[in-house]
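Notes to accompany the following structure.
Order of the sequence lines fixes the chain letters, A, B, ..., with proteins taken first and strands second; residue numbering starts at 1 for each chain. Note: hydrogens, waters and symmetry copies are ignored here, and every other heavy atom, side chains too, is used.
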Protein chains: 2
Amino acid sequence: MANHYDITEYKNPLFTVDSVLFTVQEGALKVLMVKRTSEPFAGRWGLPGGFVNVDIDDNVGMTALRKLKEKTSVAPQYLEQLQTYSGVNRDPRGFSVTLVYFALIAEAQVSTHIATVDDAKWIDLNKLTELPVAFDHKFIIEQAKERLKQKALYSMIPVYCLPEHFTVGQFKLVIETILGKPVQRKSIIRRIEAADMFEKVDEKVKSGGRLAQLYKVKPDVDIVNFERNLSV
Amino acid sequence: MANHYDITEYKNPLFTVDSVLFTVQEGALKVLMVKRTSEPFAGRWGLPGGFVNVDIDDNVGMTALRKLKEKTSVAPQYLEQLQTYSGVNRDPRGFSVTLVYFALIAEAQVSTHIATVDDAKWIDLNKLTELPVAFDHKFIIEQAKERLKQKALYSMIPVYCLPEHFTVGQFKLVIETILGKPVQRKSIIRRIEAADMFEKVDEKVKSGGRLAQLYKVKPDVDIVNFERNLSV
DNA sequence: TAAGTTAATGTCTTAATGACACAATAAATC
DNA sequence: GATTTATTGTGTCATTAAGACATTAACTTA
């Protein structure tokens, strides 16, 4: 079939891909933001992302990964689509569409790299109000946070904010940071056992008291969804 | 700020908006499909949708609604974003991105209109395999169905497949059709009461036995999500 | 050695659903 | 008109997974 489609026939909207990359650092939920160097909103902080490069991206998921790698040098441990945001007024250049991904990473994996660049920063979600943010990205981050909180209630995805080996105590802290509320250690242990996603590592680590058992995610497991929410 | 953005600078991907509109008809889950008149895939059946018209659509949600109204003459009772599908190979014209919405409507609201046009049809999901379908729309429909099944376990959105006034029996049938499994009438009644989304209509209808109480959705209510799934 | 700290387990309570019997009410049949 | 049948709606006990919290385990520090 001949390529008789002419892109100029349609006023195609401006299409970009952005990511909300979360991590938990010192008991605080943080999001990766980059300082914009070009218009619009030059000088303000925005989500890492950009335009699709149809020559090197096989799909828009790869665009999200590519842009994240540019800023963090590694791929996030978890990535899913959040939502698409669109409108005539959200970008001064005209009608725009942004597909936003939602990602998680262990802080230790990237902090050294982030520290070396000055155009990318982990922003504490509680200090987001003070930051000059581009576009509707503040709103988008809030929606991503709500999605993360919701998912933390019925799935184990918060584990993707942790390093390869982790303790129940660390897992508990990550979940509590996301939810903003304490959870029962017992509930987490019950779910770790029920999910069959994790295995004990033959090693224990110091924690100020009794040694803590290390766990890791089994290779190539599916993420388990529970039928019931934590009701903290 | 001057509009110094030149769209030709970037090879912008082809962007379309499609919708998976479900209804329940005679105990079967059906999806609205339209016969394509233009290339690619002319003659095959695809999801209702098309290009954004930046002159009349304020955002892409309006594009989805506009395209659905063209086919059904009414707006669906429920509409949410499903996901975005993209890739270099899904459309012969090149790299394409489709934002897919997921919608519900009461069969009675549209069946008369659908019956008068021959380029739009309700397709039984169990007979989808036989139909020549365009693009990756068969796959997309399956994913939408899974999302609907999942949501039916913890929310009351299946009510949006029902007319304004409905009985518990009708509600039960819709849920069972979506899930493909029987559910306890008692569980539905309990949730109707707990959700506080519904009110009794001062009217009962014949049903072959004892008269059935009619319910309706309260005006302007939020959709309630339960903390626990039905575990049929 | 005792006190303090964190980890892990045991167990009772709580909350929502599943299962199912039973009662209410209307239509069809004898 | 009484009886059967169908469907709606209620009552109640069992089941399941989480919450609450006491108890035990294991290590550190004074």
(request) Tell me, with the steps shown, if B:D18 and B:K67 meet salt bridge (Lys or Arg N to Asp or Glu O under 4.0 Å). (result) CA-CA 8 Å; B:D18 293 315; B:K67 290 291 177 181; over 6 Å; no
(request) Let me have a per-nucleotide readout for nucleotides 10-18 of chain C, 5' to 3', with B, S or -, counting only protein heavy atoms under 4.0 Å. (result) BB----BBB
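- Distance B:I189 CD1 to C:dC20 P: 17 Å, rounded to the nearest Å.
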(message) Output one letter per nucleotide in nucleotides 22-30 of chain C: B when a protein non-hydrogen atom lies under 4.0 Å from the base, S when only the sugar-phosphate is that close, - when neither is.
(response) --BBSS---
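- The two residues A:K218 and A:F198 come nearest to each other via the heavy atoms CE-O, 3.5 Å.
- Per the geometry, CZ belonging to A:R185 stands 15 Å off P belonging to C:dT5, to the nearest Å.
- The residues A:E80 and A:R147 are annotated as salt-bridged, a charged nitrogen and a carboxylate oxygen being separated by less than 4.0 angstrom.
- Inter-residue side-chain proximity for B:Y78 and B:V159 is flagged as unmet; no heavy-atom pair is nearer than 4.5 Å.
- For A:R191 and A:F226, the positive end sits near the middle of the six-membered ring, less than 6.0 Å away and at most 45° from its axis.
- The residues B:R66 and B:E70 are annotated as salt-bridged, a charged nitrogen and a carboxylate oxygen being separated by less than 4.0 angstrom.
- Taking atom NZ on B:K181 and atom C1' on C:dA19, their separation rounds to 17 Å, with Å as the unit.
- Remark: C1' of D:dG19 and NZ of A:K172 are 13 Å apart, rounded to the nearest angstrom.
- No contact: A:E227 has no heavy atom under 4.0 Å from any strand.
- When the C1' atom of C:dA8 is taken as reference, atom CD of A:Q170 falls 16 Å away, rounded to whole Å.
- In plain terms, the two heavy atoms of A:L79 and A:G61 that are nearest each other are CD2-O, 4.3 Å.
- For the pair A:R228 and B:E227, the salt-bridge criterion is not met [side-chain N within less than 4.0 Å of a carboxylate O].
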